[in-house]
**Q** 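Encoded as structure tokens, here's the structure I'll be asking about.
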Amino acid sequence: MTPANHPPTADGSVGAGGPGESGFTGTGTTHPDEASQLVSLAEPTARPPTTEPAVTSAATARRHVQTVLHEHRGGPAGGVKQEAVIDLLLVVSELVTNAIRHGDGLAGFEAALSDGGVRLEVRDRSDVVPIHAYGTGEIPQHRQANGYGWPLIIRLSRDITIEPCPGGGKSIRVFVPLG
């Protein structure tokens, strides 16, 4: 239960404990170690700033993008077709994985809703431009273990730009349409 679901105690406060800890007992008293977890309803308190976990992997990047979609579109997909969200998350995975595997590590990630889609920016620590980044998007004809990422990115994205970053590395920006 969240603190808002608990009735106030005799002193006008509610519990703010973690899972399984209400900070509220049936008698209207709290345990001494829970006293620091109480929030007064009588006086406003500043909420600590919430920050997204740092994007350090393809999985955290996908979660970040899903959060952006959820917060700004009013739901898990916000009226966007599931196929479009899957395409977006595939592009996110490929860009971040490429930065980690081939770009000397992920240096930054941003996602922003834009008219009709999502703009992504991935920064890495390598100055080397991927050889297939300006290709046609043709899928490799021979069976191989890798080489599919950039063709998928090209096919699912628009407005691909690659620019050097001040101090080294590069920034890859793409627009992924959601319609």
**Q** I need the minimum non-hydrogen distance between P151 and G137, along with the two atoms involved.
**A** CB-O, 3.5 Å
**Q** L113, I86: one ILVMFWY side-chain cluster at the under-4.5 Å cut-off?
**A** no
**Q** Should V122 and I160 be regarded as members of a common hydrophobic cluster, given that ILVMFWY residues are connected when their side-chain heavy atoms come within less than 4.5 Å of each other, either directly or indirectly?
**A** yes
**Q** Can you run down the side-chain hydrogen bond (donor to acceptor under 3.5 Å, both in side chains) pairs that involve residues 125-138, sequence neighbours left out, and say none if there aren't any?
**A** none
**Q** Go through the structure and list residues passing side-chain hydrogen bond (donor to acceptor under 3.5 Å, both in side chains) with R123, not counting sequence neighbours.
**A** E110, E121
**Q** Determine which pairs satisfy side-chain hydrogen bond (donor to acceptor under 3.5 Å, both in side chains) with at least one residue from residues 147-170, sequence neighbours left out, and list them in order.
**A** D124-K170, E163-R173
**Q** Does any non-hydrogen side-chain atom of V92 lie less than 4.5 Å from one of V176?
**A** no
**Q** Using the salt bridge (charged side-chain N to carboxylate O under 4.0 Å, His left out) rule, collect all pairs that involve residues 87-107, keeping only residues at least two apart or in two chains.
**A** none
**Q** Side chain of S57, backbone of T60: donor and acceptor closer than 3.5 Å?
**A** yes
**Q** Going by heavy atoms in the side chains, are V65 and F109 under 4.5 Å from each other?
**A** yes
**Q** Please evaluate residues L120 and L88 with respect to the criterion side-chain contact (heavy atoms from CB on, under 4.5 Å), reporting the C-alpha separation (whole Å), side-chain torsions for both, the decisive distance (0.1 Å), and the verdict.
**A** CA-CA 10 Å; L120 302 172; L88 170 63; 4.2 Å; yes
**Q** State yes or no: do L89 and V96 share one hydrophobic cluster built from I, L, V, M, F, W and Y residues joined by side-chain heavy-atom distances below 4.5 Å, directly or via other members?
**A** yes
**Q** What is the minimum heavy-atom distance between A111 and V118, and which atoms define it?
**A** CB-CG1, 4.3 Å
**Q** Does any non-hydrogen side-chain atom of V174 lie less than 4.5 Å from one of V91?
**A** yes
**Q** Please identify each residue that fulfils side chain to side chain contact (heavy atoms under 4.5 Å, CB included) with A84, with sequence neighbours left out.
**A** V80, L178
**Q** Holding to side-chain hydrogen bond (donor to acceptor under 3.5 Å, both in side chains), I want the full list of residues that pass it with S93, two or more places apart in sequence or in another chain.
**A** R62
**Q** So which heavy atom on S114 is nearest to which on F175, and how close?
**A** CB-CE1, 4.0 Å
**Q** Just one of I162, N98, I153 clears the side-chain contact (heavy atoms from CB on, under 4.5 Å) bar with P130, so which one?
**A** I162
**Q** Please check if atom CD1 in I139 has more than 12 non-hydrogen atoms from other residues, nucleotides or ligands closer than 6.0 Å.
**A** yes
**Q** Do L152 and I154 sit in one hydrophobic cluster, given that two such residues count as connected whenever their side-chain heavy atoms are within less than 4.5 Å of each other, even indirectly?
**A** yes
